[in-house]
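Positions are given from 1 along the sequence.
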Amino acid sequence: MRSAAPPTVGWTGAAEPYAAALRAGRGPLFLRRDDGWLLPLEVERWCAGPDAADWSVLRRCCGPVLDVGCGPGRLVAALGRLGLPALGIDVSAVAVERANAGGGCALRRSVFEPLPGEGRWGTVLLMDGNVGIGGDVAALLARVRSLVGVGGVCVVEVQGCEVDERVRVAVWDGVGVGGGPVFPWARVGEGALLRYAVGWECPRGWAWSSGGRRFVALRAGVGCASGAGPLRDNSEKP
């Protein structure tokens with residue numbers, strides 16, 4: 001049975017700080033916890049072209065590719081240039097507009113809503129902290145497991161340190177004392193991700209670092225295999 005969609009308020013609506021930042025192509029923008037803790041959001045990077053760390057992921061993708069929380073669409077556009085069919089989804093109308101205008105293909109949709117090609121995606125991307133969507137990593141990974149085909153892969157960007165937390169945050173632009181509506185979010189490191197990855201394999205060599213960022217690739221399966229070969233790397237592509 002499909003998990004219920006988590007709250008998406010806070011990322012939606014053209015008047016929200018997130019939408020305004022995407023329109024401008026820059027921050028400042030943060031996720032703000034109720035105790036005042038701030039997580040900076042890298043709006044400028046998201047609105048630019050893929051960097052070296054992004055390419056380390058894109059070169060490992062097998063199509064078709066679904067980018068969950070695609071934002072302004074830098075990854076889906078790049079995948080198209082690689083000749084891979086790709087679709088981005090995002091709950092922000094402004095993000096979807098930018099993704100489509102920038103040469104990608106995107107729909108305004110939550111990952112927990114019905115999606116095209118369910119059970120047939122070759123790769124699903126959870127980049128830029130999007131493993132935190134809904135504040136329940138286990139539920140999100142279970143949903144993604146239902147989206148991929150046999151042997152399908154989910155590439156997850158995790159925290160560079162070991163962390164496992166669920167928090168309630170608001171999107172904040174640094175102005176005033178408040179923020180947007182509060183919604184659940186999660187942050188995990190590699191170890192926590194693997195604990196939540198029921199129904200996925202993590203073959204040896206399927207985790208790597210690039211540009212100060214950390215990535216883990218999971219393959220649809222059961223248990224955690226240690227003898228598989230490395231994830232393919234299309235390093236001949238730009």
Evaluate the criterion side chain to side chain contact (heavy atoms under 4.5 Å, CB included) for residue pair D67 and L79; output intermediate values, then yes/no.
-> CA-CA 10 Å; D67 183 9; L79 286 163; 5.7 Å; no
Whether N100 side chain and A106 backbone form a donor-acceptor pair below 3.5 Å = yes
NZ/NE/NH1/NH2 to OD/OE distance under 4.0 Å, R168 and D34 | no
OG/S210 to CZ/F215 distance, rounded to the nearest 0.5 angstrom?
-> 6.0 Å
May I ask you to test the C47-R98 pair for a side-chain heavy-atom distance under 4.5 Å?
-> yes
Apply side chain to side chain contact (heavy atoms under 4.5 Å, CB included) to W208 and R60, showing your working.
-> CA-CA 12 Å; W208 70 97; R60 290 169 163 89; 3.5 Å; yes
Run the salt-bridge test on D54 and R74 with the 4.0 Å N-O cut-off and return the result as yes or no.
-> yes
Sub-4.5 Å side-chain heavy-atom contact between P50 and R81 | yes
Decide yes or no for R166 and D136: does some side-chain heavy atom of the first lie under 4.5 Å from some side-chain heavy atom of the second?
-> yes
Going through the distances and angles, do R213 and D128 end up as a salt bridge (Lys or Arg N to Asp or Glu O under 4.0 Å)?
-> CA-CA 9 Å; R213 296 158 64 190; D128 302 323; 3.5 Å; yes
When rounded to the nearest 0.5 angstrom, what distance separates CG in L193 from CH2 in W200?
-> 10.0 Å
L39 and side-chain contact (heavy atoms from CB on, under 4.5 Å): which partner among L31, V169, L29, V167?
-> L31
Is I89 close to V111 at the side-chain level, that is, under 4.5 Å between some pair of heavy atoms?
-> yes
Donor-acceptor contact present, side-chain D90 to main-chain R108, <3.5 Å | no
Kindly work out whether a path of hydrophobic side-chain contacts (I/L/V/M/F/W/Y, heavy atoms less than 4.5 Å apart) joins V216 to V148.
-> yes
Atom CG in L140, atom SG in C154: separation rounded to 0.5 Å?
-> 7.5 Å
Should L147 and V76 be regarded as members of a common hydrophobic cluster, given that ILVMFWY residues are connected when their side-chain heavy atoms come within less than 4.5 Å of each other, either directly or indirectly?
-> no
Nearest-0.5 Å distance, CG of residue L125 to CG of residue L66 | 8.0 Å
Is there a donor-acceptor pair under 3.5 Å between the side chain of R23 and the backbone N or O of V94?
-> no
Treat each ILVMFWY residue as a node, draw an edge where side-chain heavy atoms are under 4.5 Å apart, and state whether V171 and V96 are in one component.
-> no
Check the side chains of Y196 and D164 for a donor-acceptor pair under 3.5 angstrom, ignoring hydrogens and angles.
-> yes
Pairing of E44 and R26 as salt bridge, 4.0 angstrom limit = no
Rounding to 0.5 Å, atoms OH (Y18) and CH2 (W46) come to a distance of 5.5 Å
What distance do C202 atom SG and L194 atom CG have between them, rounded to the nearest 0.5 Å?
-> 4.5 Å
Can any side-chain N or O of R145 pair as donor or acceptor with the backbone N or O of G199 at less than 3.5 Å?
-> yes
Within 45° of the six-membered ring axis of W185 and under 6.0 Å from that ring's centre, is NZ or CZ of R33 located there?
-> no
Take R32 and W37, measure what side chain to side chain contact (heavy atoms under 4.5 Å, CB included) needs, and give me the verdict at the end.
-> CA-CA 6 Å; R32 177 175 172 149; W37 173 90; over 6 Å; no
Do you know which two heavy atoms are closest between L84 and C61, and how far apart they sit?
-> CD1-O, 3.6 Å
Report yes or no: does T123 contribute a side-chain atom to a donor-acceptor pair with the main-chain N or O of C62 at less than 3.5 Å?
-> yes
What heavy-atom pair brings W172 and V175 nearest, and what distance separates the two atoms?
-> NE1-O, 3.1 Å
Basic-acidic side-chain contact under 4.0 Å: E157, R214 | no
Look at E190 together with R195 and state whether they make a salt bridge at an N to O cut-off of under 4.0 Å.
-> no
Side chain to side chain contact (heavy atoms under 4.5 Å, CB included) assessment of V91 paired with R109 = CA-CA 5 Å; V91 297; R109 203 74 59 86; over 6 Å; no
Sub-3.5 Å donor-acceptor pair from the side chain of N130 to the main-chain atoms of V68, do we have one?
-> yes
E16 versus S92: any side-chain heavy-atom pair under 4.5 Å?
-> no
Side-chain heavy atoms of L87 within contact of P116, under 4.5 Å = yes
Using modelled atom types only, decide if a donor and an acceptor are shared between the side chain of W55 and the backbone of L58 within a distance under 3.5 Å.
-> no
